[in-house]
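The structure appears below as structure tokens.
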Amino acid sequence: MIEAFTAAQVRAAEEPLLARGAPLMERAAFALATVVVQDLRRGRRGGSDGGAPARRLAGARAVLLVGSGNNGGDALFAGAYLARRGVAVQAVCTSGRPHADGLSALRRAGGRVLDLTAPAELARWSHVVDTVLAADVVLDGLVGIGATGALRGVAGDLVAALADELAGRAARAGSRAGLPWVVAVDTPSGIGVDDGSVPGPVLPADRTVTFGAHKPGLLLPPATHLAGVVTLVDLDLDLGLAGVGGAGSGPIEPVGPVGAAVRRLERADVARLWPVPGSTDQKYTRGVLGVVAGTPTFPGAAVLAVSAAVRAGVGMVRYRGPDDVARVVVSARPEAVPAEGRVQAWALGSGVPAAEERAALRDGGGVRSAEAGQHERIRYALAVACGVLAEDVAGPRVPAVVDAGALSLLPERCPPSVVLTPHAGELAGLLRARGDEVDREDVEARPLRWARRAHDLTGATVLLKGSATVVVGPEVTWSQADGPAWLATAGSGDVLTGLLGALLAAHGERVVHEPGAAAELAAAAALVHGLAGTRANPGGPVAALDVAEALPGVVAALLHEGDGTRHRR
Ligand SMILES: NC(=O)C1=CN([C@@H]2O[C@H](COP(=O)(O)OP(=O)(O)OC[C@H]3O[C@@H](n4cnc5c(N)ncnc54)[C@H](O)[C@@H]3O)[C@@H](O)[C@H]2O)[C@@H](O)CC1
Ligand SMILES: Nc1ncnc2c1ncn2[C@@H]1O[C@H](COP(=O)(O)OP(=O)(O)O)[C@@H](O)[C@H]1O
Ligand SMILES: [K+]
């Protein structure tokens, strides 16, 4: 698992070490330089993580982008190491007062320094851009955890010009192959370190070397897509202290007295969470999932959600819906049982129109009554899942995944065992229905903020879909970015619904009683969904049903890796 800590939390953890005189900057800069040396030796170029022949350091060119703070200090000290190894190092300073000791160290090592704030240099702006883009490696040390808002002043102008030129050249060449390898120092400069926003220009990094701890912005969309491969440098920070200094400062409140602000599951975590049957299990103990999905207009969504649940290894699926949809479902997945009965979780709403859309443009007869029937089933299941119906009437509370049209049928408040799975447009709609002025673009720009808002308003766990998936539950935030962009295809969300439903059914009781459990399982579902997207057709287009079909192989591989870990211990 990767854990990320806010700028304030990291500073709080650094404080006692700095007070004892620990040479944190020296360690950070040395580790940074070591990584850059390895990258240079492997001949890495922009956008490509390998393949080029090994090359010598002597003759390689590095450019440092240096701001006014310690982030620039890191870059300058790292540049001094590189210069001593024979690399031609050029610092481009965007402030008249870069880190003084770093500057002297670089100069002593033979590095050159260009003050971009000097009027003569400003006049040679395009020459500076060319120099930077002719380098083998660019170290972005403009701002780190001290950043506030969009990059300003000369730094902002420089990065805007570089990012434009880089994108233009890459587009013309069809790849970033001939362009420099960009290494962000601590964070790509200009991202929202704590919330993952991208408020202005940012130079996309091929690698980020981050110090002491991951930062939330390296995990959260949209900024996570600008960080490249993230390498963590251990500075022996005691992050158990981190909640203390973090409280109330910065845009993210820490999640309790101590603890990471944002987490990400890795492959190795899945074996721990996946429900593996034992010899005493039978289908009912493995979890029965009730699926209310699909209408005569959209029967495919029901097939996809049910297929995913079956392929994910659920004990049983009970399909609930109109007869003609049930026939389609059973012919596609004979394992599905089209009958009422007890369930340990619900998957609700895929392929069912929202309340306000229902039958608006359709015939007034069969379709309309089929949709009304689905809405009624969803309302009932939600009443059970949200505890609106007393247990002696409805049976014990069970978890639910709430997708698509079911989002419009949500009661006012839900427990966190109810997981909403909107995409950005659906989340905006849900928030507007509760009085917030927000549209899809707002959600895409600040996914964490709006997912958190939806969690606060509804009480439900919120899984916000997109190029990276953000999950917000009570005092926990997860961010997963495991799938290829090929997953952006109709029906792929329905597969996620069935997959997550299967996990919730298997862990039903725990999910109802442990407030953060649904969020962790939702993150696991997003991870497995992403891996299945790759496995369905590595590097090429995928169809949603193929993602469902890939699930057993992905799960088996993850469990096998988990076994390997256990045996090695
Ligand atoms: N605190 C520590 O002990 C350590 C810090 N380290 C480095 O120090 C960095 C933090 O250093 P600082 O606190 O000096 O802060 P930064 O270097 O991140 O940035 C602060 C400076 O940038 C300017 N600035 C802030 N936002 C800006 C914007 N939007 N546009 C343009 N300029 C902006 C500020 O005026 C300030 O001068 C870390 O990210 C890390 O790289 C490392 O050396 C490891 C140890
Ligand atoms: N650019 C992308 N990269 C990776 N995954 C994506 C991307 N865009 C969407 N996805 C994933 O694909 C799925 C799409 O779901 P959704 O929008 O609900 O589609 P549908 O309603 O057609 O099933 C989600 O799991 C989402 O996270
Ligand atoms: K930086």
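A quick note: this is a predicted structure, and the numbers were derived from the prediction, not measured.
- Among all heavy-atom pairs drawn from Leu551 and Ala532, the shortest one is CD2-CB, 3.7 Å.
- When all heavy atoms of Val402 and Val418 are compared, the closest pair comes out as CG2-CG1, 3.6 Å.
- No side-chain heavy atom of Leu558 sits under 4.5 Å from any side-chain heavy atom of Leu527.
- At least one side-chain heavy atom of Val512 sits less than 4.5 Å from a side-chain heavy atom of Pro399.
- Using a 4.0 Å cut-off between charged nitrogen and carboxylate oxygen, Arg449 and Asp442 do not count as a salt-bridge pair.
- Applying the 6.0 Å contact sphere to CZ of Arg333 captures more than 12 heavy atoms from other residues, nucleotides or ligands.
- Across all non-hydrogen atoms, the minimal contact from Leu427 to Ala451 is CD2-N, 3.9 Å.
- The closest donor-acceptor contact from the side chain of His529 to the backbone of Ser492 lies under 3.5 Å.
- What you find for Val367 and Pro296 is that their closest heavy atoms are CG2-CB, 4.5 Å.
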Assess whether side chain to side chain contact (heavy atoms under 4.5 Å, CB included) is satisfied between Val343 and Arg320, documenting all intermediate values.
CA-CA 11 Å; Val343 300; Arg320 305 283 292 115; over 6 Å; no
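- Side-chain contact between Val555 and Trp274 is present, with heavy atoms from C-beta onward closer than 4.5 Å.
- Taking the side chain as every heavy atom from C-beta outward, Ser408 and Pro353 never approach each other to under 4.5 Å.
- Considering all non-hydrogen atoms of both residues, Ser197 and Ala223 come closest at O-CB, 4.0 Å.
- The distance from the CD1 atom of Ile2 to the CD atom of Glu266 is 4.0 Å, given to the nearest 0.5 Å.
- Tyr319 places a side-chain N or O within donor-acceptor distance of the main-chain N or O of Ala293, the cut-off being under 3.5 Å.
- Listed for the Gln9 side chain is no donor-acceptor partner under 3.5 Å among the backbone atoms of Leu239.
- Shown here is Arg440, whose CZ atom has more than 12 heavy atoms of other residues, nucleotides or ligands within 6.0 Å.
- The CZ atom of Arg11 sits 4.0 Å away from the CD1 atom of Ile145 when rounded to the nearest 0.5 Å.
- Expressed to the nearest 0.5 Å, how far CD of Glu3 lies from CG of Leu219 amounts to 10.5 Å.
- To the nearest 0.5 Å, the span separating CG on Asp269 from CZ on Arg263 amounts to 11.0 Å.
- In this structure, the side chain of Thr295 engages the main chain of Gly351 through a donor-acceptor pair within 3.5 Å.
- For the pair Arg434 (side chain) and Glu412 (backbone), a donor-acceptor distance under 3.5 Å is present.
- Judged purely by atom type and a 3.5 angstrom limit, Thr461 uses its side chain to pair as donor or acceptor with the backbone of Pro416.
- Salt bridge annotation for Asp195-Arg446: present, with a cationic side-chain nitrogen under 4.0 angstrom from a carboxylate oxygen.
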Evaluate Leu151 against Val202 for side chain to side chain contact (heavy atoms under 4.5 Å, CB included), listing each step before the verdict.
CA-CA 8 Å; Leu151 279 178; Val202 175; 5.9 Å; no
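- Between the Thr458 side chain and the Arg413 main chain, no donor and acceptor come within less than 3.5 Å of each other.
- Annotation: the span from Cys414 atom SG to Leu382 atom CG amounts to 7.0 Å, rounded to 0.5 Å.
- In terms of modelled atom types and a separation under 3.5 Å, the side chain of Glu444 and the main chain of Pro221 share no donor-acceptor contact.
- Proximity of a side-chain donor or acceptor of Arg510 to a complementary backbone N or O of Ala506 within less than 3.5 Å is not detected.
- Leu463 has its side chain within reach of Thr469: a pair of non-hydrogen atoms, C-beta onward, lies under 4.5 Å apart.
- A distance-only check finds no donor-acceptor pair linking the side chain of Thr497 to the backbone of Ala305 [under 3.5 Å].
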List the steps, then state whether side chain to side chain contact (heavy atoms under 4.5 Å, CB included) holds for Arg342 with Val288.
CA-CA 8 Å; Arg342 278 195 57 188; Val288 179; over 6 Å; no
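- Within 6.0 Å of the CD atom in Glu335, the count of heavy atoms belonging to other residues, nucleotides or ligands exceeds 12.
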Could you go through Glu426 and His423, starting from their C-alpha distance and side-chain angles, then the distance that decides it, and tell me whether this counts as side chain to side chain contact (heavy atoms under 4.5 Å, CB included)?
CA-CA 5 Å; Glu426 288 166 336; His423 55 57; 3.4 Å; yes
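- One finds the CD atom of Gln374 at 10.5 Å from the OG atom of Ser369 (value rounded to the nearest 0.5 Å).
- Residues Asn537 and Asp546 fail the side-chain proximity criterion, which asks for heavy atoms closer than 4.5 Å.
- Across every non-hydrogen atom of His507 and Pro275, the tightest pair is NE2-CD, 4.0 Å.
- For the residue pair Thr6/Asp194, the side-chain donor-acceptor check at 3.5 Å is not satisfied.
- Counting heavy atoms from C-beta on, the side chains of Ser307 and Leu545 come closer than 4.5 Å.
- Between Asp482 and Arg264 there is no salt bridge, since no side-chain nitrogen of the basic residue lies less than 4.0 Å from a carboxylate oxygen of the acidic one.
- With salt bridges taken as basic N to acidic carboxylate O contacts below 4.0 Å, one links Glu520 and Arg272.
- Under the 4.5 Å side-chain criterion, counting only non-hydrogen atoms from C-beta, Leu348 is not in contact with Leu409.
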